[in-house]
Amino acid sequence: MTVTATSVGESDQLQPQIAPASGAARLLRLVPALAAALSGVLLYVSFPPRTLWWLALPAFAVFGWVLRGRSWKAGLGLGYLFGLGFLLPLLVWTGVEVGPGPWLALVAIEAVFVALVGAGVAAVSKLPGWPVWAAALWIAGEAARARAPFNGFPWGKIAFGQADGVFLPLAAVGGTPVLGFAVVLCGFGLYEVIRLAVEARRTRAVRRSAAAVALLSVAVPVVGAVAARPLVSDKAENGTATVAVIQGNVPRAGLDFNSQRRAVLDYHARETERLAAEVKAGKVAQPDFVLWPENSSDIDPFANADAHAVIDTAAKAIGVPISVGGVVERDGKLLNEQILWDPAKGPVDTYDKRQIQPFGEYLPLRSLVGAINENWTSMVRQDFSRGSEPGVFTMDGAKVGLVTCYEAAFDWTVRSEVTDGAQMISVPSNNATFDRSEMTYQQLAMSRVRAVEHSRTVTVPVTSGVSAIIMPDGTITQKTGMFVADSLVQKVPLRSSETLATRLGIIPEIALVLVAAGGLGWAIGAGMRARRAADA
């Protein structure tokens, strides 16, 4: 074994170099790749339904160890492996009913964003205070994933794995970007603290400024989260409302539940009428309004008198307004719609889903997809159209913001309802097509983060579960099982004040993207100057 000094920028330490012919050398070259993939898996394990949120910190610490001091090309490959390790298991639910093809294609595309972040982190890892630049780059990558391709896919934001964690109050400060930044910064800072501690033991010469930055990278996110706790409140500001969440269940899981649309409607009407009987018997409190899930009436009640009658009978039985999730066709457009149904007047207001799901509610590149597999095009025979306005229903005096299923993953859709006056939020969803996968728990965690982000009660009515009622501090107070008919009734606080995150909107994300761009520019400039100096 010989020891040689590496070039400036590759590492600030002497590294052992093993003869290329050695079998041990070949194995050692695999260590970074294996570590990158396994740290991605570790990050996945930190996500719901597990409550191991803290595993995100060692996951990013290992990722930082893998990337620090490497070339951007190596960072690109290692970042892709990290992305695969994270996203392959996280998104396996996308192939539950349609097979592995769409799942693998989605992961392959989304992991490219993580690969680009890996390249950037490798570049900035040679800068002073690199954990800050690296964490900002991760958030920049999430910002890009939330917007492209096909209007983005934010699933797997680091913030969504922190619903049970100590960092959660930071969502009220700057939304998911600030919450995610704190977690990633703490993880990279953890590695830097360990690295400098090892270096200090070996050389007894560590720059105080570097040690201070490393310690602050760990301490500031934790202290900030503790300081943000007073921003999270369950206090009612506009009185309370007694809300009922209906989970009617579906005849069976899978895509073919859609062929039994009338049964699904009947199930939700039946569960509402059962609740009405319990209210009349004095067993349950009278709700002020009732919330049904997405797709609870896939039969258009505006065009089908029978469906209209079923919903109207249920509304009259319970005697209060119902928000019904329907699929309707209007002016030649297919819409995923929430319908406000008054027991006396019938349908009085609607909200059309704005962030519709690619390959689920509309099919991009239809001709290309059809050429690959005709079955996929048959699953989405007609594209849904997008709504254009926020949806806030006035239900017995309470203003309820509607965020339909997939929309909960997008920052702007939730915030728009709050800024439009919503005093609480409902996330009507349909997860029946994903069977008993982790998808429903991942989505439920998103709603918990949104509750804290905007300091609002959030209800989650789901066709097949898990339905839940979430307090403004992110605590689940009631929830159902999966694939059972059930209802939840609870008095919840109504709030109208806006958190700092609500008021700032996209500004924290823009600021972090600019920090990432500044760090990357600095790293590129430093590399160019170093090459010119070497040439001279």
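Because the structure is a prediction, the values reported are computed rather than measured. Numbering of residues begins at 1 and proceeds along the displayed sequence. No hydrogens, no waters, no symmetry mates; every other heavy atom, side chains included, goes into these values.
- A donor-acceptor pair under 3.5 Å is formed between the side chain of Glu361 and the backbone N or O of Gln357.
- Contact annotation: the side chain of Arg448 never approaches that of Phe160 to less than 4.5 Å [non-hydrogen atoms, C-beta and beyond].
- With Glu407 contributing its side chain and Lys353 its backbone, the two residues share no donor-acceptor pair below 3.5 Å.
- The number of heavy-atom neighbours closer than 6.0 Å to NZ of Lys399, taken from other residues, nucleotides and ligands shown, is 12 or below.
- Side-chain atoms of Thr477 come within 3.5 Å of backbone N or O of Ile469 as a donor-acceptor pair.
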_Residue pair His454, Thr502: steps toward the side chain to side chain donor-acceptor pair (under 3.5 Å) verdict_ = CA-CA 6 Å; His454 300 290; Thr502 306; 2.7 Å; yes
*Could you please spell out the steps behind the salt bridge (charged side-chain N to carboxylate O under 4.0 Å, His left out) verdict for Arg415 and Asp420?*
CA-CA 8 Å; Arg415 178 177 180 268; Asp420 204 46; over 6 Å; no
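- A donor-acceptor contact shorter than 3.5 Å is absent between the side chain of Arg450 and the backbone of Val414.
- Smallest separation of non-hydrogen atoms from Asp383 and Leu363: OD1-N, 3.0 Å.
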*Begin with the C-alpha distance, continue with both residues' side-chain angles, and end with the deciding distance and a verdict on side chain to side chain donor-acceptor pair (under 3.5 Å) for Asn431 and Thr440.*
CA-CA 6 Å; Asn431 298 340; Thr440 190; 2.9 Å; yes
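- Not a single donor-acceptor pair under 3.5 Å links the side chain of Gln162 to the backbone N or O of Val183.
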_Derivation of the salt bridge (charged side-chain N to carboxylate O under 4.0 Å, His left out) call for Arg503 and Glu498_ = CA-CA 6 Å; Arg503 294 194 295 270; Glu498 294 186 352; 5.6 Å; no
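- Within 6.0 Å of the CH2 atom in Trp54, the count of heavy atoms belonging to other residues, nucleotides or ligands does not exceed 12.
- No donor-acceptor pair under 3.5 Å is formed between the side chain of Ser217 and the backbone N or O of Cys186.
- Formation of a donor-acceptor pair under 3.5 Å by the Arg147 side chain with backbone atoms of Ala143 is found in this model.
- Ring centroid separation for the pair Trp130 and Phe188 comes in under the 6.0 Å cut-off.
- Residues Tyr80 and Ala108 approach most closely at OH-O, 3.0 Å, considering heavy atoms.
- Residues Trp292 and Gln338 form no side-chain contact, since every pair of their non-hydrogen atoms from C-beta on lies 4.5 Å or further apart.
- Nearest heavy atom pair, residue Leu190 against residue Val218, reads N-CG2, 3.5 Å.
- Side chain of Thr457 to backbone of Pro493: a donor-acceptor contact under 3.5 angstrom is found.
- For the residue pair Ser496 and Gln423, no side-chain donor N or O sits within less than 3.5 Å of a side-chain acceptor on the partner.
- Contact annotation: the side chain of Asn336 approaches that of Glu294 to within less than 4.5 Å [non-hydrogen atoms, C-beta and beyond].
- Between Gln247 and Thr463 the shortest heavy-atom distance is CG-O, 3.4 Å.
- Taking the six-membered ring for Trp and the full ring otherwise, the centers of Trp93 and Trp103 sit at least 6.0 Å from each other.
- Relative to the ring axis of Phe63, Arg68 does not place its NZ or CZ within 45° and under 6.0 Å from the centre.
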*For Arg145 and Glu142, run salt bridge (charged side-chain N to carboxylate O under 4.0 Å, His left out): C-alpha distance rounded to whole Å, both residues' side-chain angles, the deciding distance at 0.1 Å, then the answer.*
CA-CA 5 Å; Arg145 281 207 306 125; Glu142 288 190 344; 5.1 Å; no
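- Taking every heavy atom of both residues into account, Leu43 and Phe82 meet most closely at CD2-CZ, 3.8 Å.
- Among Val114, Leu512, Leu185, the single residue meeting the side-chain contact (heavy atoms from CB on, under 4.5 Å) criterion with Trp138 is Val114.
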*Arg354 vs Glu389, salt bridge (charged side-chain N to carboxylate O under 4.0 Å, His left out): CA-CA, chis, key distance, verdict*: CA-CA 8 Å; Arg354 293 170 292 166; Glu389 299 295 330; over 6 Å; no
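- Between the Thr404 side chain and the Pro428 main chain, no donor and acceptor come within less than 3.5 Å of each other.
- Ion pairing of Asp411 with Lys157 is present here, as a side-chain N (NZ or NE/NH1/NH2) and a carboxylate O approach within less than 4.0 Å.
- The backbone N or O of Ser437 sits nowhere less than 3.5 Å from a side-chain atom of Asp435 that would complete a donor-acceptor pair.
- A heavy-atom distance below 4.5 Å is not found between the side chains of Ile470 and Thr459.
- Separation of the Phe150 and Tyr362 ring centroids does not fall under the 6.0 Å cut-off.
- Nearest heavy atoms, Trp155 versus Gln442: NE1-OE1, 2.7 Å.
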